[in-house]
Amino acid sequence: MKTQADRLGKIPEYPFARWGERVNATRARGIDVIRLDIGNPDLPPPDVVIDALCSSARQSSHHGYPGYRGIPALREEITSYYTRRFGVNLDPKDEVVPLLGSKEGIVHLALGVLDAGDLVLVPDPGYPSYTTGAVLAGAEVYKFPLGQERGFLPDFNAIPVEVADAAQMMWLNYPNNPTSATADLGLFEQAVAFARHHDLLLCHDAPYCDVVYDGHTPPSLLQIPGAKEVAVEFNSLSKTYNMAGWRAGMAVGNPDVLASLSRVKSNVDSGQFRPVQEAAARALAIPGEWIEVRNRTYKERMRTAISGLASLGFPVTPPSATFYIWTRVPEGWNSEGFATALLEKAGVAVAPGSFFGEQGEGYIRISLTSPEPRIAEAVDRIRKVIKGISSVWSG
Ligand SMILES: Cc1ncc(COP(=O)(O)O)c(C=O)c1O
């Protein structure tokens, strides 16, 4: 009996699934693990969003199939958010697609747009699903490096012309997971020009655009004039409104590309539970102060983590967005070995940088999705074990 498609052999098991099992096994040994490894917000969504979900779920007519393109109220709220936040105008009819979380859309977009043998440009390090979607669609992947020396921004000129000409799609993600780098409009202008020049679809993934510090306001790629002709952007309620488990996101931009995405989705997922859509619409209408207060919480955690890690010799720069710290492992260690040592000896789970690609080797990613006292305790625990496990630590 055949139990696995050949194409599945080309995608590794989701690295965080394997890592999660290791964390659970450590917990099963009685160790109190502080989880700073996954980007899973620990704070609750706004009360009004939970109220909207509950009251909608009490309507007897809200439990059937919800339709395919998302309810108009949600599409309009996404449109209003884009106008208010970025000054970008979208047509709610065909330039907005609600998603069951942006990960779903990222993978389904590939199935809607790519053919076997197509080529996709993917950042390394990067969020694994860009590659997963391409591989499931039978496409090839060319990884372009995001190096520390360039602030983890792409060097468009370093991508060979024949590769760029052959490619059908390119992924960018700012504010960036895992490096926490941010991009400005200048970078997005270059990206749109590159996409036009090489006749490829530019996909920008922006789930961290509202997890920001010190007044930083990351732009949307769609702010670049004409971007909609060559680009789509993904966004999510997971990080902005602490709704990761709800599975609510969006794709916006080029209507032809979104039509392909919708065609895949309508054949696969039959839409999103109506109460989740109504609650998501409510979330998007929430005044910015709620987000500011939430960001202040991350900022306090960031201060504790950065000062603690710096005192241990980790090279860290305070990021202006995301809740991630991306830092080098001590000399003589690889990412997974160091993360495993922290897990087993300190009971602190961090993400090995190598989970995000070859260029992530030598780094770990620390996610500030635990309360501040737990982060302070994690730093203390690391302090106690670091000398023992890192005889060649040079900072
Ligand atoms: C860069 C990036 N894109 C997309 C996602 C997926 O988010 P969701 O599917 O919860 O909307 C994540 C989640 O961690 C992410 O970090």
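Remember, predicted model here, so these are calculated numbers, not experimental data. We count ligands from 1, going down the list as the structure has it; atoms in each ligand are counted the same way.
- S80 places a side-chain N or O within donor-acceptor distance of the main-chain N or O of E76, the cut-off being under 3.5 Å.
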For residues 106-119, please give each side-chain donor-acceptor pair under 3.5 Å, one per line with the distance, not counting sequence neighbours.
residue: H108; atom: ND1; partner: E104; partner atom: O; Å: 3.4
residue: H108; atom: ND1; partner: E104; partner atom: OE2; Å: 2.9
residue: D118; atom: OD2; partner: D115; partner atom: N; Å: 2.8

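- Qualifying salt bridge (Lys or Arg N to Asp or Glu O under 4.0 Å) partners for D42, counting only residues two or more places apart in sequence or in other chains: R301.
- For E21, the salt bridge (Lys or Arg N to Asp or Glu O under 4.0 Å) test picks out no residue, with sequence neighbours left out.
- Contact annotation: the side chain of L53 never approaches that of I50 to less than 4.5 Å [non-hydrogen atoms, C-beta and beyond].
- Within 4.0 Å of ligand 1, counting heavy atoms only, the contacting residues are G101, S102, K103, I106, Y127, Y130, N173, N177, D205, P207, Y208, S236, S238, K239, R247.
- No donor-acceptor pair closer than 3.5 Å links the side chain of N173 to the backbone N or O of H204.
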